[in-house]
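The structure under discussion appears below in the form of structure tokens.
Keep in mind that what you see is a predicted model, and the values were worked out from it rather than measured. First listed ligand is number 1; within each ligand, the first listed atom is number 1.
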Amino acid sequence: MMTTNKIAVFASGSGSNFQAIHDAIRNGKLAAELVLVVTDKPDAYVLRRAAAAGVEALALRPQDFISKADYERAILIELHSQGAEWLVLAGYMRLIGPVLLEAYPNRIVNIHPSLLPEFPGKDAIGQTLAAGREEAGVTVHFVDAGMDTGPIIAQRTFRLDNRDRQTVEEAVHRIEHELYPATLQKLFSRQ
Ligand code: GRF
């Protein structure tokens, strides 16, 4: 039986990875349906992309809730009402808490701009450059309670011939926009 692979994308910023996933679905490269965009930043550019793509969006500020659990419970209500089966983190700048981890076991994935387990957390590209590495890369992994610590699903590496920060960021994004939809497609087809 064909599953629908209903996905919710979590993002805090520009949402270029949301866009890449949306485009891959539209171009028939990813068999999935984008049912929701979740953001913790009501002014995030990803909301404009969601509106242009006709995808439902939920913007909730964690500071408006008494606890992280309450914040995640509010998200969970919307995830359930949209029938989301997978949570796809793309530049979502928060740790996922027990409420969502328990509701979506092995169904939450993230993309991170380093070759994990090296350089988890913020500014992974800056960390890679500061460490003087000759290679940089991108990792897609399952999400657990830690910061960028879950089991690795896919990685891609490139040589840092040019160490200019903007050039490296552009190279990372190019890789991410191809690797994330392709990895999701593989993941969904083995379910
Ligand atoms: C990406 O580099 C991703 O690896 C990191 O945050 C960035 C999000 O970019 N987790 P965008 O918002 O998808 O453009």
| Going by atom types alone, do R49 and S16 pair a side-chain donor with an acceptor below 3.5 Å? | no
| query | Quick one: nearest non-hydrogen protein atom to atom 12 (O) of ligand 1, plus distance? | reply | G15 N, 2.8 Å
| Under 6.0 Å from the CZ atom of R48, do we count more than 12 heavy atoms belonging to anything else shown? | no
| message | If the cut-off is 4.0 Å to any non-hydrogen atom of S14, which atoms of ligand 1 fall inside it? | response | 12 (O), 14 (O)
| query | Does Y45 share a hydrophobic cluster with L36, counting links as ILVMFWY side-chain heavy atoms below 4.5 Å and allowing steps through other members? | reply | no
| message | I'd like to know if H173 contacts ligand 1, where contact means a heavy-atom distance under 4.0 Å to any ligand atom. | response | yes
| request: Give the ring-plane orientation class for W86 versus F188, where under 30° counts as parallel, over 60° as perpendicular and anything between as tilted. | output: tilted
| Of I111, T139, N110, which has the heavy atom at the shortest distance from atom 10 (N) of ligand 1? | I111
| Protein contact to atom 1 (C) of ligand 1 [nearest heavy atom, distance to 0.1 Å] | E176 OE1, 3.1 Å
| field | Sub-4.0 Å heavy-atom approach of A11 to ligand 1 | value | no
| task | Would you mind checking which non-hydrogen protein atom is closest to atom 8 (C) of ligand 1, with the distance to 0.1 Å? | result | G91 CA, 3.6 Å
| field | Option among Q166, H173, R165 that satisfies the side chain to side chain donor-acceptor pair (under 3.5 Å) test with E169 | value | R165
| said: Heavy-atom count check: over 12 atoms from other residues, nucleotides or ligands less than 6.0 Å from K68 NZ? | reply: yes
| note | If you scan protein heavy atoms around atom 14 (O) of ligand 1, the nearest is S16 OG, 2.5 Å
